[in-house]
Amino acid sequence: LDILRGIALLGILLITMPKFALPERYLETILQDADSLNFKVAYFTNIVLEGKMRALFSMIFGAGVILFIRDKEKSGKPVAGLFYSRMFWLAMFGLFHAHVLLSGGDILYLYALCGMILFFFRNTRPNLLLAAVVAITLLEMAMNTYFYERSRSQRMTYLEVQKIEQQGKVLNEDQLKAKTVWLEKENGYFPSKEKINSDIEIMRSGYWTIAEKMRPSLILKETKRVPFLMVDPLALMFLGMALFQWGFFTGQLHKKVYVWTLIVCYGIGFPIALYSWSNQTTSPNPLDFMESNPINIGIYIYPIQRILIALGHVSLIILLIRAGVFKRIFNALGAVGKMAFSNYILQTIICTLIFFGYGLGYFARFEYYQLNFIVVAIWVLQMIVSSLWLKHFRFGPLEWAWRSLTYRRLQSMAIPPHLRSAAP
């Protein structure tokens, strides 16, 4: 579990790095030049990792919920009180991460809310959990279909209004409203070059200017949009709970199970992911895509292919671990996973200090592909630091703080000198 968590955490950084370093909707400009190195890197990242690492991290979180509860039940400790204390403090850390450290992609707050729901399903049988996964995924597809069709309808109505304006006619009240509604949405989701340049200038400025820009959208995610944002991770966490109970994540199943899971999941997942990508890149401009596609097939493909490929990744990793290869690398990845909380926050601190104006101010100064060199450097740093840290301490610094707050007393952190040789 630690190794899988570590891989997921490092993989997520590869996906989230552009959110720290580049303006919104930058990917659309990349997709317009199929011969560029940026396009090729985006192609690999989208097919192999995008959504899959976050899916794996969510599944591992679901498994971790069961692991924590079972451990406390065996020790006879009050499970509910400790668990909800743990989730409360995770939510507090999430709010700090978002509003103080200015992470626009915080998941801690959302995961804490999901965890509070997962507790009620701690004893649910795996088959029922899988049924819940299917039901929630269908709900997510229905919601995304509704939002896409509504946006497309607003776009098509706006285009009709444009034609009326071009004919020199006066717009009525409904037509003016339709125009205003779409332009507000377009400015938010499909910003103009002027808005992008303005955003770049803001992100290269001081802390308070950046915070003033980011916090309204952060608050919106933490309040009004929470029910919609919880749907995706909840389904994946239920899946993780089921797979953990079956012993899938802990390598307890027969080798043939992992081999066939690898073959089937990759064999189905990658072709449909490739199809989805080719369908998307035929109209790299999202507005052109929306106008020419009454149905967005990606809504139905995405949740299927990401789960399949994520399970294929897990199977491959477990097979490699059981084969005894890359031991040092896997040990280092396990250390990263054991300190996932600390490493997650450290990634934000490093990235904001590199790209935001109150740090080095390199926002929008790198090509998309160049960001991968920074990502790899952070990977190496965290693998080395985590391995060295855990030779002397039981937990990462934030894991220690989280445990101390959960149990309402300071936890023992240092490993006694005579036991350090056995530490990872």
Side-chain angles (χ1 to χ4, degrees), residues 1-2 4-5 8-9 54-98 106-133 135-136 139 221-223 225-250 252 337-342 344-345 394-413:
L1 284 178
D2 285 336
L4 292 172
R5 189 184 297 110
L9 180 70
R54 185 162 47 87
L56 176 55
F57 201 76
S58 297
M59 287 189 282
I60 295 299
F61 184 88
V65 166
I66 292 184
L67 194 61
F68 177 87
I69 291 172
R70 286 182 177 178
D71 179 65
K72 297 302 167 285
E73 286 176 340
K74 289 180 181 178
S75 64
K77 295 179 180 178
V79 178
L82 285 175
F83 182 81
Y84 279 96
S85 174
R86 182 176 173 84
M87 292 300 105
F88 169 79
W89 287 113
L90 183 62
M92 294 301 102
F93 278 118
L95 293 175
F96 179 87
H97 183 221
D106 172 71
I107 60 173
L108 302 179
Y109 177 79
L110 193 64
Y111 275 37
L113 298 183
C114 291
M116 294 178 185
I117 295 174
L118 295 181
F119 183 79
F120 295 100
F121 297 88
R122 63 193 183 278
N123 296 320
T124 304
R125 297 196 307 273
N127 291 343
L128 293 178
L129 290 171
L130 286 184
V133 172
I136 296 172
L139 173 63
K221 290 179 182 178
E222 293 158 357
T223 53
R225 292 183 180 173
V226 159
F228 305 104
L229 295 175
M230 289 176 66
V231 172
D232 175 72
L234 263 180
L236 295 164
M237 289 173 188
F238 279 139
L239 179 58
M241 293 169 73
L243 292 172
F244 178 76
Q245 291 187 58
W246 279 327
F248 182 80
F249 283 131
T250 50
Q252 297 176 17
K338 192 170 183 179
M339 291 177 54
F341 187 12
S342 297
Y344 177 62
I345 300 299
R394 290 187 172 92
F395 322 107
L398 289 182
E399 284 78 7
W400 171 82
W402 189 17
R403 288 176 66 93
S404 296
L405 289 167
T406 297
Y407 291 98
R408 299 182 183 179
R409 65 176 184 273
L410 294 179
Q411 300 292 296
S412 175
M413 188 173 183

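Heavy-atom basis, side chains included; hydrogens, waters and symmetry copies ignored.
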With rounding to the nearest 0.5 Å, note down the distance linking [atom1] in [X] to [atom2] in [Y].
{"X": "Met116", "Y": "Leu90", "atom1": "CE", "atom2": "CG", "result": "8.5 Å"}
{"X": "Leu229", "Y": "Leu110", "atom1": "CG", "atom2": "CG", "result": "6.0 Å"}
{"X": "Lys74", "Y": "Ile69", "atom1": "NZ", "atom2": "CD1", "result": "13.0 Å"}
{"X": "Tyr84", "Y": "Phe119", "atom1": "OH", "atom2": "CZ", "result": "6.0 Å"}
{"X": "Ile60", "Y": "Phe249", "atom1": "CD1", "atom2": "CZ", "result": "4.5 Å"}
{"X": "Leu234", "Y": "Leu139", "atom1": "CG", "atom2": "CG", "result": "10.5 Å"}

Item checked: Ionic contact status for Arg5 with Asp2, cut-off 4.0 Å ->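 Answer for the salt bridge query: yes.
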Answer yes or no: is there a side-chain heavy-atom contact under 4.5 Å between [X] and [Y]?
{"X": "Phe238", "Y": "Leu118", "value": "yes"}
{"X": "Asp232", "Y": "Arg54", "value": "yes"}
{"X": "Arg403", "Y": "Thr406", "value": "no"}
{"X": "Arg122", "Y": "Phe83", "value": "no"}
{"X": "Phe68", "Y": "Val79", "value": "no"}
{"X": "Phe244", "Y": "Leu1", "value": "yes"}
{"X": "Arg70", "Y": "Ile66", "value": "yes"}
{"X": "Leu129", "Y": "Gln245", "value": "yes"}

Notebook entry, point to check: Ignoring hydrogens and geometry, is there a side-chain-to-backbone donor-acceptor pair from Trp402 to Arg86 under 3.5 Å?
Noted result: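 Side chain of Trp402 to backbone of Arg86, a donor-acceptor pair under 3.5 Å: yes, one is there.
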For [X] versus [Y], what's the shortest heavy-atom pair and its separation?
{"X": "Ser58", "Y": "Leu236", "result": "CB-CB, 3.7 Å"}
{"X": "Ser412", "Y": "Arg394", "result": "OG-NH1, 2.8 Å"}
{"X": "Cys114", "Y": "Pro233", "result": "SG-CG, 4.0 Å"}
{"X": "Ala98", "Y": "Glu222", "result": "CB-OE2, 3.7 Å"}
{"X": "Ser342", "Y": "Gly396", "result": "OG-C, 3.7 Å"}
{"X": "Ala401", "Y": "Phe93", "result": "CB-CZ, 4.4 Å"}

- Query: Do Ser404 and Arg409 pass the side chain to side chain donor-acceptor pair (under 3.5 Å) test, and can you show the C-alpha distance, the side-chain angles, and the key distance before you say yes or no?
  - Reply: CA-CA 5 Å; Ser404 296; Arg409 65 176 184 273; over 6 Å; no
| request: Test Tyr407 against Ser85 for side chain to side chain donor-acceptor pair (under 3.5 Å), laying out the working first. | output: CA-CA 8 Å; Tyr407 291 98; Ser85 174; over 6 Å; no
- Stepwise side-chain contact (heavy atoms from CB on, under 4.5 Å) check, Leu108 with Ile345: CA-CA 10 Å; Leu108 302 179; Ile345 300 299; 3.9 Å; yes
More than 12 heavy atoms of other groups within 6.0 Å of Phe228 CZ
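Open.
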My understanding is that only one of Met237, Met87, Met230 makes a side-chain contact (heavy atoms from CB on, under 4.5 Å) with Tyr111; could you say which?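 Looking at Met237, Met87, Met230, the match for Tyr111 under the side-chain contact (heavy atoms from CB on, under 4.5 Å) is Met237.
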*Begin from the C-alpha positions of Val226 and Tyr109 and carry the test side-chain contact (heavy atoms from CB on, under 4.5 Å) through to its verdict.*
CA-CA 10 Å; Val226 159; Tyr109 177 79; 4.2 Å; yes
Q.
Run the side-chain contact (heavy atoms from CB on, under 4.5 Å) test on Phe88 and Leu405 for me, step by step, so that the C-alpha distance in whole Å, both residues' side-chain angles and the decisive distance to 0.1 Å come before the verdict.
A. CA-CA 10 Å; Phe88 169 79; Leu405 289 167; over 6 Å; no
Q: Step through it carefully: locate the ring centre of Phe395, locate the ring centre of Phe341, and say whether they are under 6.0 Å apart.
A: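 Phe395 vs Phe341: aromatic centres not under 6.0 Å.
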- Working for side-chain contact (heavy atoms from CB on, under 4.5 Å), residues Tyr344 and His97: CA-CA 10 Å; Tyr344 177 62; His97 183 221; 3.4 Å; yes
